[in-house]
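Notes to accompany the following structure.
Indexing begins at 1, ligand by ligand and atom by atom, following the structure's order.
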Amino acid sequence: MPKKFKRYTITSALPYANGPIHIGHLAGVYVPADIYARYLRMKGEDVLFIGGSDEHGVPITIKAREEGVTPQEIVDRYHKQIKKSFEEFGISFDVYSRTSAPIHHETASEFFLNLYKKGDFIEKTNQQYYDKENQQFLADRYITGVCPHCSYEKAYGDQCENCGTSLSPLELKNPKSALSGNVPVLKETKHWYLPLDQYEEWLNDWIVKGHKDDWKVNVYGQVKAWVDQGLKPRAVTRDLNWGVHVPLEDAEGKVLYVWFDAPIGYISAAKEWSKKTGNDWKPYWKDEDSKLVHFIGKDNIVFHCIIFPAMLKAEGSYILPDNVPANEFLNLENDKISTSRNWAVWLHEYLKDFPEKQDVLRYVLTANAPETKDNNFTWKDFQARNNNELLAIFGNLVNRTLVLTHKYFDGVVPAISQYDDVAKKTLEELKTYPDKISNSLDRYRFREALSELMNLARLGNKYLTDMEPWKLIKTDEEKVKTVLNVSLQIVANLAVLSEPFLPFTAKKLQNMLGMTPPKWADAGNAEILKSGQTINKPELLFARIEDAEVEAQIQRLLDTKKENKKMITVNPAKEEIAFDDFMKMDIRTGTILEAEKVPKTKKLLKLKIDTGIDQRTVVSGIAEYYEPENIIGKKVSILVNLAPRKLRGIESQGMILMAEDTDGKLCFVSPTEDINDGSEVN
Ligand SMILES: [Zn+2]
């Protein structure tokens, strides 16, 4: 038996306040979280649904520098815009806070101090780069230099974007400060670390053993890989002047790392809600009978499944998440959503271009939700789902039923004198839907739940079409009363069950049927509408989306592509080399036999290649562009006489030839026809 909880604390990832919200955020986090919150509220559960803007961190300071404004101006701008677009879209937060709020600074400081006083941190003094001209320590992102692994010249202090290796600034060759362009000097600085390695055993028991069966496979797999690899102490503080100041005397110029302060933002938001409403926030965070659920995207799994729980465990008085139903990513027209390339459908623009159509987007993003793997949004699919599903199935049932009731019975719900077999069978089926939908929602399967909702509308449509009341009215008015009563009950059930998914539509439909705001338990009932009750005239729930409307959107994306192309630069040719130099390279055709991700890296795949000469291991930085399972069997070109080198502890024996544009997009340089492995390329 699953545990019965007294209340629910639902958090949704805090969007970073340096840009607007796009459909990837919505599909990954906010739409499923909102469906879940609305569903639980309809069930009469006690719910606190938390959101807020994440307003600290280096990228905001970089953006502020670029625009010549203060970081506060940046976050004020985006916080306001994000909050407004969520409201208009119907994301039903109980509170939407922000991490620059004083209540958050207090809460995060207090949290840090609690751990500090208990001796939960390790203190370490180390050498860090310092920009003399600007008189400040440099964040990793503010240092560039040459990658020690691949010699890429524009590697950052924390990562090489070329080979994907995580770096520390001290590993960079020829380091430069991004602030002044000068060579930085090393200076001693003290920081506090959370010893994550001490939580390994506990994490292993709690998640790896304890949540094997109830957490999503994609989430569980990532967590297990991290824990299996072994965890290291992680710095909680850094030298920066934007963020929550470290509340210690010897910590001037230091703030809490954003990964540490941001999740505490969920707690601060609960406190803010408490102040506004007079309700106590503590039970939502400290009572074992509260169920804590984090909605996040896959890039946030490690923070919400390992680091934040370790922080909560260290503090000791908080509950841990019961589940973290993270989603994968949503692509747009088969391309990765990208803020810098403006490759996105922005929520505030959608709301302007498609007024009153919040539910269409909510529907499409749920029907296409990237729950188990990355998924794709296309405008054609958006149009088709509106026209062929919402309009042709849901809207059509509602409209036919209400129009006929007005036409034959003046809008009065007709009484049933006798249930025939078809009516009985249809109503029996109707009664199964609330449980079906609940079962899916309880397991965070939002797509499945939505498709059951549509199946209920299909049931109604089929019944109406089979019974043909428009013919029957000439011969058997009694039977038409039965048909319309049954159809109306299905429509009324839809008005209840659709509310978590399509809240605007549900509200309209409830008004048309004269229903008071329903509870989830009202569904499954074949007498929601009483005979003799009058219903209002039908109004349109969904409008057809015309070709011109989606073509305008597609055109906008094509224009973006064109703009991006204009900005493409091609690197100049390298120095001339002798023919013999070229001939030293032994390039062969080969086949990928095996491929797997290198844990804890974003970009690296470990490949086994048949080179014709032998079978060997090659580590390649292509994981962002290719899924391992999709490239097995692929023909490639491989440089076989490159000296072996170690990447992430794995010896790479050779290099796969890839074409790379100046955006860093990669594609294989492969033979275009079938040719034996081991053939020489020259
Ligand atoms: Zn590199």
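- Less than 6.0 angstrom separates the ring centroid of Y266 from the ring centroid of H304.
- Looking at K216 and N327, their side chains do bring a donor and an acceptor atom within 3.5 Å of each other.
- A salt bridge is defined here as a Lys NZ or Arg NE, NH1 or NH2 lying under 4.0 Å from an Asp or Glu carboxylate O, and R238 with D140 fails to meet this definition.
- Separation of the Y129 and Y142 ring centroids does not fall under the 6.0 Å cut-off.
- Applying the salt bridge (Lys or Arg N to Asp or Glu O under 4.0 Å) test to every pair with at least one member in residues 123-137, sequence neighbours left out, gives these pairs: E123-K190.
- Of all protein atoms, those that are N, O or S and lie under 2.8 Å from the Zn ion (ligand 1) total 4.
- Salt-bridge annotation for D559 and R556: absent, with no side-chain N of the basic residue lying under 4.0 Å from a carboxylate O of the acidic one.
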